[in-house]
Amino acid sequence: MKKIIFLTALLFAGLISESQNIYENPNSNWPFLLKEFSSCTIIHQDGNVTKASANYNLLSEELQFQKNNKIMSVTEPEDISEVSFGEITMIYLQKNFYILLNKEGDAIKTFKKIKGNMNDLFETEGAYGSSTTTAATIQQSDVNIGGINSMDIRMLWDKQDDGKKFRVNENHFYTTKTSHEIISLKKSNLYNSFPDWKKEIKTFLKENKINLNDDNHIKILAHYLNSL
């Protein structure tokens, strides 16, 4: 028990860091993960690297970037391996973007999937987040009863906090050392994935009061699983 508690204290002291760039009040005027469109590094499946000013749309679940002050969406996200916004790294797996919670070098990885609840916006005016198709990209649009209008980032920025709020649903996942399959982070799944360590994992979860819905606790769990 002392060893486990010491490990937890060590992790809280050294491994946990929270990005200051997360937008805490997503709404229909600013449905994005980050406070502003930020410089990012995009690593493609073929190994090529590109730079962009981008953000992640919580409603459309798309990586979006600025072009001529318009908000555009990446049309072929399957060509992307990962996107890094400073401390925040997003991985594209199984047709979805996930935030990587633990270190990139770890064999066992843990993730968070975040999604805006579109239903919260249907009570009044429509939501920002739908799109119209163009030849190379998809232009971010706002949906109102009157039709679809092109989206200008300056207009959004000026009214950033004035939109209708929506809930953000968060779900957590992990992959094992031998598979890239995204598995829902539940105790039963952990025991099935690591049958030889079931007893030890149960003890670790209990003694450290690990909350599988807490990002910081999940980072601690990931470090422990990678040490087995």
Side-chain angles (χ1 to χ4, degrees), residues 1-24 33-35 38-45 47 49 54 56 58 61 63 77 80-115 168-228:
M1 182 186 301
K2 291 182 179 179
K3 181 178 179 181
I4 294 175
I5 294 175
F6 173 77
L7 173 62
T8 304
L10 178 66
L11 288 166
F12 271 116
L15 291 186
I16 296 172
S17 62
E18 294 294 334
S19 171
Q20 300 301 310
N21 200 29
I22 296 290
Y23 188 58
E24 298 180 354
L33 173 67
L34 306 179
K35 294 177 182 178
S38 303
S39 176
C40 71
T41 300
I42 301 174
I43 301 177
H44 299 269
Q45 294 288 353
V49 177
Y56 181 73
L58 298 170
E61 299 179 83
L63 180 67
I80 295 175
S81 174
E82 67 178 61
V83 181
S84 294
F85 295 93
E87 297 176 359
I88 302 172
T89 297
M90 302 191 77
I91 307 293
Y92 190 78
L93 291 172
Q94 297 175 201
K95 299 182 178 181
N96 287 287
F97 281 102
Y98 298 87
I99 294 178
L100 178 65
L101 294 179
N102 56 305
K103 295 185 299 182
E104 292 185 53
D106 289 343
I108 297 170
K109 301 183 185 301
T110 53
F111 307 92
K112 176 167 67 174
K113 181 77 173 69
I114 51 179
K115 180 178 181 180
V168 175
N169 300 324
E170 299 184 357
N171 293 287
H172 296 88
F173 303 85
Y174 68 97
T175 57
T176 67
K177 293 180 179 179
T178 58
S179 172
H180 293 297
E181 178 187 0
I182 294 291
I183 305 171
S184 179
L185 185 55
K186 300 177 181 179
K187 290 181 180 179
S188 58
N189 289 341
L190 283 173
Y191 303 151
N192 290 333
S193 295
F194 307 97
D196 295 339
W197 298 97
K198 180 177 180 179
K199 182 178 179 180
E200 288 80 0
I201 293 173
K202 277 187 174 182
T203 300
F204 181 84
L205 294 175
K206 180 179 180 180
E207 296 295 341
N208 291 277
K209 299 179 180 179
I210 296 296
N211 180 353
L212 296 182
N213 294 311
D214 185 292
D215 290 0
N216 290 333
H217 285 220
I218 292 171
K219 293 175 186 178
I220 294 170
L221 173 63
H223 184 85
Y224 173 72
L225 293 174
N226 277 286
S227 72
L228 295 178

Would you say the side chain of [Y] lies within less than 4.5 Å of the side chain of [X], judging by non-hydrogen atoms?
X    : Y    : value
N213 : N171 : no
K109 : N102 : yes
L221 : L185 : yes
N169 : I114 : no
Y191 : L205 : yes
T175 : E181 : no
Y174 : S193 : yes
I22  : L34  : yes

How many angstroms lie between atom [atom1] of [X] and atom [atom2] of [Y], to the nearest 0.5 angstrom?
X    : Y    : atom1 : atom2 : result
N96  : K115 : CG    : NZ    : 8.5 Å
L58  : E170 : CG    : CD    : 9.5 Å
L100 : K219 : CG    : NZ    : 9.5 Å
S188 : K198 : OG    : NZ    : 9.5 Å
C40  : I88  : SG    : CD1   : 11.0 Å
N192 : F194 : CG    : CZ    : 11.0 Å

Exercise. Is there a donor in the side chain of D215 and an acceptor in the side chain of H172, or the other way round, less than 3.5 Å apart?
Worked result: yes
Seminar exercise, completed: Sorted by chain and number, sequence neighbours left out, side-chain hydrogen bond (donor to acceptor under 3.5 Å, both in side chains) with S184 holds for none
Exercise. Who pairs with E61 by side-chain hydrogen bond (donor to acceptor under 3.5 Å, both in side chains), at least two apart in sequence or on another chain?
Worked result: K113
Smallest separation among heavy atoms of [X] and [Y], with atom names:
X    : Y    : result
I218 : L212 : CD1-O, 3.4 Å
K177 : A107 : CG-CB, 3.6 Å
T89  : I91  : CG2-CD1, 3.9 Å
V83  : F97  : CG2-CE2, 4.3 Å
F85  : A54  : CE2-O, 3.3 Å
I108 : L225 : CD1-O, 3.6 Å

Return yes if some donor-acceptor pair links the side-chain N/O of [X] with the main-chain N/O of [Y] below 3.5 Å, else return no.
X    : Y    : value
E82  : I43  : no
D214 : N216 : yes
Q94  : I182 : yes

Exercise. Mind checking whether F173 and F111 have ring centres under 6.0 Å apart?
Worked result: no
For this session: On the 0 to 90° scale, with breaks at 30° and 60°, tag the Y224-F204 ring pair as parallel, tilted or perpendicular.
Result: parallel
